[in-house]
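What follows is a set of notes on a single structure, which appears directly below.
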Amino acid sequence: MNEMYSIEGKVAVITGAGGVLGGSIAKSFIKAGAKVVALDIRQEQLDARVAELTAEGGEAIGFVGNVLDVESLQNVANQIVEKWGRIDVLLNIAGGNTPGGTLSPDQNFFDMPISEWEKVLNLNLNGTVYPSMVFSKIMAKQKSGCIINVSSMAAYSALTRVPGYSAAKTAVSNFTQWLATEMALKYGEHIRVNAIAPGFFIGDQNRAVLINPDGSLTDRSQKVLAKTPMKRFGDIAELNGAVQFLCSDAASFITGVVLPIDGGFSAFSGV
């Protein structure tokens with residue numbers, strides 16, 4: 001690989017590594033020669049992920065940690081520095097919607113449970129802010145590092161039925177720009193903060209609203225594809241290259257951006 005795009009030897013912390021998206025990116029980082037620190041709140045999924053990553057022949061360690069618990073995150077950060085001496089990359093992958101945070105077609109705004117609104121906002125927004133606060137402190141001391149957050153198409157224009165998720169991801173986009181500015185102005189050009197904004201990918205969290213029990217597309221899926229110029233859903237592995245690029249020296253003058261990976265969804269008016 002062109003050395004400019006290399007992440008070989010970088011120590012990368014990945015929150016939500018036990019999930020589908022976090023796991024896909026973690027495997028791609030291992031194959032690219034990075035040292036992966038897998039972080040997840042679920043012990044069983046975490047153990048399986050670390051075993052999978054080490055089976056690839058790379059260096060990986062795992063920690064059970066809660067992205068909403070700063071003390072838990074600080075303990076992880078201390079152990080990483082003790083083992084590998086530094087933290088080069090933070091990938092804030094933990095997040096997503098909850099079943100209760102998605103309104104059914106016959107529900108309206110007034111039916112939304114406040115507890116679900118708070119849960120979704122906490123997981124996506126604070127679950128990005130708190131790890132950034134803990135791990136970027138080490139980057140500030142090093143005067144180098146890279147943070148990647150996960151925004152969404154819901155941050156570009158209103159998506160029906162997902163009010164909490166939409167609000168949280170919009171806030172993540174703004175926080176990405178804010179933190180990018182803060183780090184560059186106060187700690188130098190070598191700390192960069194960016195985000196990806198995935199388009200529509202079929203996963204465990206959204207399968208029920210995109211795929212009918214008989215395997216056919218729901219009305220919502222048909223609307224999504226009608227506004228996606230590529231006329232298909234994305235494959236989760238199609239996010240990996242963009243993340244690696246943003247973490248490499250090839251992106252050395254890129255900070256504060258939210259990169260859509262969406263088959264053209266955000267560019268198309270539908271006309």
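Quick note: numbers below take in every heavy atom, side chains included, and nothing from hydrogens, waters or symmetry partners.
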Transitive ILVMFWY side-chain link [X] to [Y], under 4.5 Å:
X: Ile196; Y: Ile202; result: no
X: Tyr165; Y: Val258; result: yes
X: Phe175; Y: Leu259; result: no
X: Phe201; Y: Leu225; result: no
X: Val134; Y: Phe63; result: yes

Working to the nearest 0.5 Å, report the span between [atom1] of [X] and [atom2] of [Y].
X: Leu125; Y: Tyr130; atom1: CG; atom2: OH; value: 8.5 Å
X: Lys186; Y: Thr181; atom1: NZ; atom2: OG1; value: 11.0 Å
X: Met230; Y: Phe265; atom1: CE; atom2: CZ; value: 14.0 Å
X: Phe29; Y: Gln244; atom1: CZ; atom2: CD; value: 6.0 Å
X: Ile87; Y: Ser144; atom1: CD1; atom2: OG; value: 11.0 Å
X: Ile148; Y: Leu239; atom1: CD1; atom2: CG; value: 12.0 Å

Counting distance only, does the side-chain N/O of [X] pair as donor-acceptor with the main-chain N or O of [Y] below 3.5 Å?
X: Ser173; Y: Ser151; result: no
X: Ser252; Y: Asp249; result: yes
X: Thr218; Y: Ser221; result: yes
X: Ser24; Y: Val20; result: no
X: Ser216; Y: Asn212; result: no
X: Arg192; Y: Cys146; result: no
X: Asn124; Y: Val120; result: yes
X: Asp47; Y: Glu44; result: no
X: Ser28; Y: Ile25; result: yes
X: Thr15; Y: Ile93; result: yes

In the structure I gave you, are the side-chain heavy atoms of [X] and [Y] within less than 4.5 Å of one another anywhere?
X: Pro260; Y: Met153; result: yes
X: Met112; Y: Pro163; result: yes
X: Asn194; Y: Ile254; result: yes
X: Ser132; Y: Leu179; result: yes
X: Phe135; Y: Leu73; result: yes
X: Leu91; Y: Cys247; result: yes

- Item | Ion pair check, Arg86 and Asp88, cut-off under 4.0 Å |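 Salt bridge: yes.
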
- Query: Looking at Lys27 and Glu56, does any basic side-chain N land under 4.0 Å from a carboxylate oxygen?
  - Reply: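 Looking at Lys27 and Glu56, the cut-off is not met.
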
- Task: Dump the intermediate steps for side-chain contact (heavy atoms from CB on, under 4.5 Å) on Val209 and Asn206, then the final yes or no.
- Result: CA-CA 6 Å; Val209 298; Asn206 65 1; 4.1 Å; yes

- Message: Could you walk me through whether Asn97 and Thr102 satisfy the side chain to side chain donor-acceptor pair (under 3.5 Å) test, starting with their C-alpha distance in whole Å, then the side-chain angles of each, then the deciding distance to 0.1 Å, before giving a yes or no?
- Response: CA-CA 7 Å; Asn97 206 359; Thr102 301; 3.0 Å; yes

- Message: Are there over 12 heavy-atom neighbours, none belonging to Tyr187, within less than 6.0 Å of that residue's OH?
- Response: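 Atom OH in Tyr187 is not crowded, with 12 or fewer foreign heavy atoms closer than 6.0 Å.
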
- Query: Is there a donor in the side chain of Thr128 and an acceptor in the side chain of Asn149, or the other way round, less than 3.5 Å apart?
  - Reply: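 Checked: Thr128/Asn149 side chains show no N/O donor-acceptor pair below 3.5 Å.
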
- So, Gln79 and Asn75: side-chain donor and acceptor under 3.5 Å apart, yes or no?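 Side-chain D/A pair, Gln79 to Asn75: absent.
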
- Item | Test side-chain contact (heavy atoms from CB on, under 4.5 Å) applied to Val36 and Glu59, step by step | CA-CA 6 Å; Val36 169; Glu59 293 186 76; over 6 Å; no

- Scan for salt bridge (charged side-chain N to carboxylate O under 4.0 Å, His left out) pairs involving residues 125-144, sequence neighbours excluded, and state none if there are none.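 For residues 125-144, and leaving out neighbouring residues, there are no salt bridge (charged side-chain N to carboxylate O under 4.0 Å, His left out) pairs at all.
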
- Task: Could you name each residue pair satisfying salt bridge (charged side-chain N to carboxylate O under 4.0 Å, His left out) that touches residues 210-232, not counting sequence neighbours?
- Result: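 Checked against salt bridge (charged side-chain N to carboxylate O under 4.0 Å, His left out) - neighbours excluded - the pairs reaching residues 210-232 are Arg232-Glu238.
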
- Query: Residues two or more places apart in sequence or in another chain: which of them pass side chain to side chain donor-acceptor pair (under 3.5 Å) with Asn174?
  - Reply: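 Asn174 satisfies side chain to side chain donor-acceptor pair (under 3.5 Å) with no residue once adjacent residues are dropped.
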
- In this structure, which one of Leu90, Val89, Val13 forms a side-chain contact (heavy atoms from CB on, under 4.5 Å) with Ile147?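 Per the side-chain contact (heavy atoms from CB on, under 4.5 Å) rule, the option paired with Ile147 is Leu90, out of Leu90, Val89, Val13.
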
- Message: Run Tyr156 and Asp262 through side-chain contact (heavy atoms from CB on, under 4.5 Å) and show every step you take.
- Response: CA-CA 12 Å; Tyr156 281 75; Asp262 65 350; over 6 Å; no

